[in-house]
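See below for the structure under consideration.
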Protein chains: 2
Amino acid sequence: MGDVEQAVDEEILRALASTARLDILRWLKDPAGNFGRQEIGDFDVEGVCVSVIQDRAGMSQPAVSAHLKILHQAGLVTRKKIGNWHFYRRDELAIRRFLDTLSTAL
Amino acid sequence: MGDVEQAVDEEILRALASTARLDILRWLKDPAGNFGRQEIGDFDVEGVCVSVIQDRAGMSQPAVSAHLKILHQAGLVTRKKIGNWHFYRRDELAIRRFLDTLSTAL
DNA sequence: TAGGAATATTGCTATATAACTATGTTTCGA
DNA sequence: TCGAAACATAGTTATATAGCAATATTCCTA
């Protein structure tokens, strides 16, 4: 006993195997530094809304939406809906858990 | 000064975004435990040759060869040629470096 | 309640990935 | 030196991924 088999989350690895999604994830580390102002919602409380990320990414809105969906399904970001705004934020706990698991299981 | 920007190696992330390659990489952690005997070459010294990995993976030889090429180009495994045998081994240093970088840069 | 704004979803096309079979290359041994 | 063994590469096909435009959905506001 003692050796708990920790499986690497392959869905997360696939989510990270993308320049666009890595960029988004890193931008979300410092919203104030990486994005412009946001009309509604506090960066550090609610998160960053899609249109703001879209401006920074220079991609179509559906493309950004799809990337965020993949990041969300992988559990790397959380989602909060306020009115018609969808705010995304890094899930630091999940990210840390993934990194720890990867460190031992890889 | 101080903050050295460490870029995540996206080639490694793409290499890891594959069940087959993750399996191979983990099998290589314990060759004696995961593979049968090897006619030539010491598991822990030279590494594991392609045909042995192929038997375990249950894939065609070219498929295994392609996966090993991707792992090798990403720098996750080293390659040693002895006669007509090509031995692959984990590059533990490179793997550790990648994990460290990912931990801070993600 | 009609309209507009913010996102998600759909449909489509182009490119990347993964598997196979067939073939090429290198090396060793008879 | 001829043949077989061990891998790599090439060619092909099927599936996955990424982007776009168009459309649907939801919610606020006038």
Side-chain angles (χ1 to χ4, degrees), chain A residues 10-25 28 31 35-43 46-74 76-89, chain B residues 10-25 28 31 35-43 46-74 76-89:
Chain A
E10 300 186 16
E11 187 176 9
I12 292 186
L13 282 172
R14 277 191 300 274
L16 293 178
S18 151
T19 304
R21 289 191 290 272
L22 277 177
D23 283 344
I24 292 174
L25 210 53
L28 290 177
F35 301 104
R37 296 291 149 239
Q38 194 172 230
E39 295 184 15
I40 191 179
D42 187 316
F43 275 151
E46 280 84 21
V48 183
C49 73
V50 180
S51 56
V52 168
I53 299 173
Q54 179 191 348
D55 286 344
R56 181 71 160 86
M59 276 187 301
S60 70
Q61 178 264 320
V64 173
S65 188
H67 284 307
L68 289 170
K69 182 178 182 179
I70 289 171
L71 288 172
H72 183 240
Q73 283 181 339
L76 292 167
V77 300
T78 61
R79 187 155 139 183
K80 184 178 185 179
K81 188 166 178 277
I82 298 181
N84 240 339
W85 282 264
H86 294 207
F87 297 94
Y88 286 90
R89 246 186 348 161
Chain B
E10 300 187 15
E11 186 176 9
I12 293 185
L13 282 172
R14 278 192 299 273
L16 294 178
S18 150
T19 304
R21 288 192 290 273
L22 276 177
D23 283 343
I24 292 175
L25 210 56
L28 289 177
F35 301 104
R37 295 293 147 238
Q38 194 173 229
E39 295 183 14
I40 192 179
D42 187 316
F43 276 150
E46 280 82 23
V48 184
C49 72
V50 180
S51 56
V52 169
I53 298 173
Q54 179 191 348
D55 286 344
R56 181 71 159 84
M59 276 188 301
S60 70
Q61 177 264 318
V64 173
S65 189
H67 284 307
L68 289 170
K69 182 179 184 179
I70 289 171
L71 288 172
H72 183 240
Q73 284 181 339
L76 292 167
V77 299
T78 61
R79 188 154 137 184
K80 184 177 186 179
K81 188 166 179 275
I82 298 181
N84 240 336
W85 281 264
H86 294 208
F87 297 94
Y88 287 89
R89 245 187 347 163

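Note on naming: letters A, B, ... go to the chains in the order of the sequence lines (proteins, then strands), and numbering restarts at 1 for each one.
Residue A:Phe87 is tested with A:Val48, A:Ile82, A:Thr78, A:Val50 for a side-chain contact (heavy atoms from CB on, under 4.5 Å); the sole match is A:Ile82.
Atoms CD1 (B:Ile24) and C1' (C:dA18) sit 12 Å apart, rounded to a whole Å. Distance CD (B:Glu10) to P (C:dT17): 13 Å, rounded to an integer number of Å. In this structure, A:Lys80 atom NZ and C:dT7 atom P are separated by 15 Å, rounded to whole Å. Atom C1' of nucleotide C:dT7 and atom CG of A:Leu71 are separated by 16 Å, given to the nearest angstrom. When rounded to the nearest whole Å, the span between NZ of A:Lys69 and P of C:dT10 equals 7 Å. Summarising the geometry, the separation between NE2 on B:His86 and C1' on C:dC28 is reported as 13 Å, rounded to the nearest angstrom.
The side chain of A:Gln61 lies closest to C:dT7 when the candidates are C:dT7, C:dT27, C:dT21. Distance from the side chain of B:His67 is smallest for C:dA19 among the nucleotides C:dA8, C:dA19, C:dT9.
How far CZ of B:Arg56 is from CG of B:Asp23: 8.0 Å, rounded to the nearest 0.5 Å. Within the model, atoms CD1 of B:Ile53 and CZ of B:Phe35 stand 5.0 Å from one another, a figure rounded to the nearest 0.5 Å. Distance check, rounded to the nearest 0.5 Å: OG of A:Ser18 to CD1 of A:Ile24 gives 7.5 Å.
The two atoms that bring A:Phe43 and A:Pro31 nearest to each other are CG-CB, 3.5 Å, heavy atoms only. Residues B:Leu25 and B:Val77 approach most closely at CD1-CG1, 3.8 Å, considering heavy atoms. Scanning all heavy atoms of the two residues, the minimum distance from A:Arg21 to A:Ala17 falls at NH2-O, 4.4 Å.
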Chi angles and distances behind the side-chain contact (heavy atoms from CB on, under 4.5 Å) call for B:His67, B:Met59 = CA-CA 11 Å; B:His67 284 307; B:Met59 276 188 301; 3.7 Å; yes
side-chain contact (heavy atoms from CB on, under 4.5 Å) between B:Leu16 and A:Leu16, intermediate numbers included = CA-CA 10 Å; B:Leu16 294 178; A:Leu16 293 178; over 6 Å; no
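Here B:Tyr88 lies in heavy-atom contact (under 4.0 Å) with sugar-phosphate atoms only.
The side chain of A:Ser65 places no N or O atom within less than 4.0 Å of a non-bridging phosphate oxygen (OP1 or OP2) of C:dT7. For the OP1/OP2 pair of C:dT27 and a distance below 4.0 Å, the side-chain nitrogens and oxygens of B:Lys81 include at least one atom meeting the criterion. Between B:Ser60 and C:dC20, a side-chain N or O to OP1/OP2 separation shorter than 4.0 Å is present.
Here the range on DNA chain D touched by chain B, meaning any atom under 4.0 Å from one of its heavy atoms, is D:dA5 to D:dT9.
Of the residues in residues 48-59 of chain A, A:Met59 come within less than 4.0 Å of DNA chain D through at least one heavy atom, sorted by number.
For A:Gln54 (side chain) and A:Ser65 (main-chain N/O), no donor-acceptor pair under 3.5 Å exists by modelled atom type. A donor-acceptor distance shorter than 3.5 angstrom exists from the side chain of B:Gln38 to the backbone of B:Cys49, with no hydrogens or angles considered.
Mapping B:Phe87 and A:Trp85 onto DNA chain D by nearest heavy atom places B:Phe87 at the nucleotide closer to the 5' end.
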Summarise how protein sits on nucleotides 11-16 of chain C as a single string, 5' to 3': B when a protein heavy atom is under 4.0 Å from the base, S for sugar-phosphate-only contact, - for no contact.
-> ------
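Under the 30°/60° scheme for interplanar angles, the aromatic rings of B:Tyr88 and B:His72 are found to stand perpendicular.
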